[in-house]
Amino acid sequence: MNALTLWFHKTGSPPTAYRLAGRIMPWCYGLGLVLGLVALYGGLVLAPRDYQQGDAYRIIFIHVPCAWMGLFAYFFMAANAFIALVWRIKLSEVLAMAAAPVGAAFTFITLVTGSLWGKPMWGTWWTWDARLTSELVLLFLYLGVIGLHAAIEDRRQAARAAGFLALIGVVNIPIVHFSVNWWNTLHQGSTVRLMGPSKIDGSMIWPLLLMALATHVWFFGSVLARTRIGLLELDGGKDWVRAIALGETEARA
Amino acid sequence: MKPGSTLAACAALVRRDLTLVWRRRGDAANPILFALIVVALFPLALGPEPEQLRRIAAGVVFVAILLAGLLALDTLFRSDYEDGSLEQLVLSPHPLSLLLACKIAVHWLTTALPLIVVSPLLGELLHLAAPLRGLLPLALLLATPLLSLLGAVCVALTVGMHRSGMLLALLVLPLYVPVLIFGAGACNAAQAGLPFAAPLLWLGAALVLVLVLAPLACAAALRISLS
Amino acid sequence: MPPAPRQPEDHRDRPALLEARGLALSRNDEPIFGPLDFALHPGEVVLVEGDNGAGKTTLLRVLSGLLAPTSGEIRLAGEPLTLARLSPQVALLSHANGLKPELTAIENLRFAAGLLGLRSGLSPTTALAGVGLAGYDDVPTRTLSAGQKKRVALARVLLAPVGLWLLDEPYANLDRDGIQLVNRLLENHANRGGAALITSHGAYAYTSGTPRRIALRGGNPGGGGPAGGSGFSRDAAVPEIRDGFAAEAAPADRSNSGGEA
Amino acid sequence: MNDFLAMGGYGAYVWGSYAVFFVVLAIEALAPRATRRRVLTELRGRLRRREQRNEPSA
C-alpha cells in the first residue's frame, strides 16, 4: 500500500476523522465569521452606491455568494455520494449527507434574498425568472435528499439511497436549467434580468469575492460539525464512541 | 423459447403483470377518473369562459395526466414488495434491469396509455384549440414514458416505506420539471404559432437516453432499498 | 483463517455449495449476527436455530445475496457472491411467500418457472402434486389457507433447478403432514446432491438424516459459553455451532409439536 | 447613521435580506448542537441497555 492510500485509510477511519474534524471545525467557523464581517463592512459601508439600483444592490453581497454555495454544496454532496456508492467509504457517505442541510440552507437564503431584492427592483416578490425557478427546483432536490435520508431507518442504507438520489439530481440540474431557460424565452414577457451587463466596480467585487470565500469556509465548518454527529451515529457501538458518550456525561455531572 | 432463458423470464413477467391488471381491472379506471376530476376542477375554479380555458387547456391536461401518473406510480412495486415477489425478481439469474424495464413497460401500457387515449376528451372539456388536437396526444406519447421511467427510479428508492406518498412526490417532481416544460411547452408554442418541433425532438432524445439508463438506475436503487 | 470445517467422509471430494467465511452483519453498528464460518456441502441439510430476533432471516437474506454482509465473504460453489451478479443456484423461501393472491396456484408456479427455469422431470402440475395439492391447480391463491400457501411456495422452491435451498421457517403454518412433507422434500433434495439451509426458532422438526445445526445468538455476545470441539466458529462465544449427529438429532415425537408459527 | 440604516429607501429590503442571512445561518449552526445532544443521549441509552442485557449472563 502506498503512502497516499495509507493516509486515506487512516484519515478516513471514523475516530481519526472525528478528531480531525473537531480540530478543524472551530477554525472554519471562526475564519468564516471574521471574513464574512470584513466582507460585510466592505459591502455595506465601503462600496459605493450603484447608479442604477441605489443601495438595494447591496443584497448582492449575500445573494450571489449563497447562490454559488447552493450549487457548490450540491456538487460537493454528489461527488461524495459517488465516492460512497462506488468505493463504499463510510466517511464519504457521512460527508455527503452532512452537506445536504447546509446546501439547502444556502439555497433557501438565495431564494428569500432574491425575492427581497426583486420586490424593489421588479415590483414583485416573485417572478418566474429562469434563475429563480432553477433555484426553486434545486431546493426541492435538496429537500428530497434530506427527506429520503430521514425516512430510512438503517443509517448506511439511508445514506446510500439518498446519495443515489443526489447523483440523479446532479444530472437533473443542468437539464432543468436548460429547459427553464428555453421555457423562459417562450414567455419572454415576465423576464427581467437581475444582473445586467453593467460593469461591476472593483470596490464592489472584492467584498463579493471575500463573502464567497467566507461562506465556503463556513460551509466546511458546518459540514464538519454534522459529519462528527453522523460518525457518532454510524459507529454507535464502537469503543471510541462509547468513550465520547460516557466522557460527556462525566463532564456534565 | 427455452424455459429459464432471459426471454422466457421477460415473457413470463409481462404475462403475469398483464394478468394481474386484468384481474384487478376495476382499479384500472382510477387514473382516468382522477385526471377527469382534476380537469373538471379548473373551470369550476376559474370560470367557464371558453377563451380563458382554451389558453390553459394543454398545460392543465398535461399536469392532470402527470399527477394521475404520479398516483399510479405507487402500485408499480408495492404489491410485489409486500408479497415477496420482488425478492424473487431480484434473486432471479436474469438482468434485473431488463426485468424492471418489462415491468415499467406494462405499467406504462396499463396506466399511461389509457390516459393518452382519453386526453382528447380532457382537452375538449377545456375547449382545446383545434391545431393542438393531434399534437397533445403526440407530446403525451413522448412524455409519459419518460415520466414512468423516471418515476420508477424514485419508487424503487422508496419501496418498503409505509407512507411514501408525499416523499415520492418530492423526489419525483423535480425530475418531472423538464419533461413538463418541453411537453406542455411544445403545445403552447404551437398555439402561439411558433415552431414546436424542437421541444418534441428534445423529448424524443431524452426518451431514448432514459430508456437505456432508467432501468439500470432502477435496478441499482431497488438493490439499495431491499438491503 | 479458521480451521477447515470437519465434514463427514462422503462430502470431502466435492466442493462446498455454500461457504461463509467470517460472515457478519450489523445495522447501525448493532451486530445482528456473526462472525460465522461454515460450509454447506452437497447432500447436507443444516438447521439454523435461534430465538426471535437472533438474525436467522437476515442471515438467509445475506446468503441469498439480497443483503451485503458488513464483513466476510460468501462463496457459492467456489465463486464469490457479489450483489452485482447474483447466483442462479439459490432458491429462497422467505416469510413472504412470493405468491400473487390474484393468480391461481398453477399460474404462480408457471411464473416462477419462467423466471428461474424448470427442474428436469418436473412441471408446475407435478410439483403441485408433489406438495400434496393435486387438483388445486386452478384455485386462486388468495382462497388457500396459510398452510396451503406455504405448500405452493415449497412447490416453487422444488421447481427451481438449483442446488441450494434457503428456507426461512419452512415448518411455520404447516400441519403434521406438512412437516413430514418438508422433511421428505429436504431428504430427496439432499439425496439428489442438493443442500439446504433452513431456519427454525427452536421448535425444529427435521428428523431424518444428520442435520447439522448452527445456533445464532444474535448480536449479543454476552451469553453462551464456547462450544466444546466446534470446528466452525471463529469466535468461540458467537456463534455456537455443533454437529448434530446421533446424540443431537431430534427425537421423532418432537415433530408433532414442531412447526408452530 | 440614519442614512446608513435607510439604505436610500431600500432599508427594509437590504436589512431584511441580511437578517434572513444571519438568522438562517445561526439556526443552521446551532442545529448540529441539538442533534449532537440527542444522538449522545440515545447512545448512552443504548450502552445502558447493552450493559443490562449482559449483566445477568455474565
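Only heavy atoms go into these numbers, but all of them, side chains included; no hydrogens, no water, no symmetry mates. The chains referred to below are lettered A, B, ... by the order of the sequence lines, with proteins before strands, and numbering in each begins at 1.
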Under 4.5 Å heavy-atom distance to chain D, tell me which part of [X] shows up: side chain, backbone, both or neither.
| X | answer |
| --- | --- |
| F106(A) | side chain |
| V112(A) | side chain |
| L40(A) | side chain |

Query raised in the report: Going by an N to O cut-off under 4.0 Å, is there a salt bridge joining R226(A) and E233(A)?
Result: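 No, no charged N to carboxylate O under 4.0 Å.
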
Requested in this report: Report the option among G36(A), S222(A), A98(A) that has the most heavy-atom pairs separated by less than 4.5 Å from atoms of chain D.
Outcome: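 Greatest number of close heavy-atom pairs with chain D: S222(A).
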
Query raised in the report: Top residue by heavy-atom pair count (under 4.5 Å) with chain D, among V241(A), I59(A), V45(A)?
Result: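 If we count pairs closer than 4.5 Å to chain D, I59(A) comes out on top.
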
Report task. Against chain A, label V14(D) side chain, backbone, both or neither, depending on which of its atoms sit under 4.5 Å from a heavy atom there. Result ->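 For V14(D), heavy atoms of backbone and side chain both lie under 4.5 Å from chain A.
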
Query - Side chain, backbone, both or neither of I27(D) within contact of chain A (heavy atoms, under 4.5 Å) - result: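 No part of it gets close to chain A.
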
Query raised in the report: Can you check whether E28(D) reaches W218(A) side chain to side chain, under 4.5 Å on heavy atoms?
Result: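 Side chain of E28(D) against side chain of W218(A), heavy atoms only: contact under 4.5 Å found.
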
Query raised in the report: Where the side chain of T113(A) meets the backbone of S17(D), is there a donor-acceptor pair that is under 3.5 Å apart?
Result: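 Looks like no, no N/O pair under 3.5 Å.
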
Query raised in the report: Within the side chain of N80(A), is there an N or O that forms a donor-acceptor pair under 3.5 Å with the backbone of F76(A)?
Result: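 Yes, the answer is positive, given that a donor and an acceptor are paired below the 3.5 Å cut-off.
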
Query - Residue of the set R46(D), R44(D), R38(D) for which side chain to side chain donor-acceptor pair (under 3.5 Å) holds with E42(D) - result: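 In the set R46(D), R44(D), R38(D), the residue that makes a side chain to side chain donor-acceptor pair (under 3.5 Å) with E42(D) is R38(D).
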
Requested in this report: Consider only side-chain N and O atoms of T16(A) and S13(A), and report whether a donor and an acceptor are under 3.5 Å apart.
Outcome: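 Their side chains do contain a donor-acceptor pair, which is all the 3.5 Å distance test asks for.
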
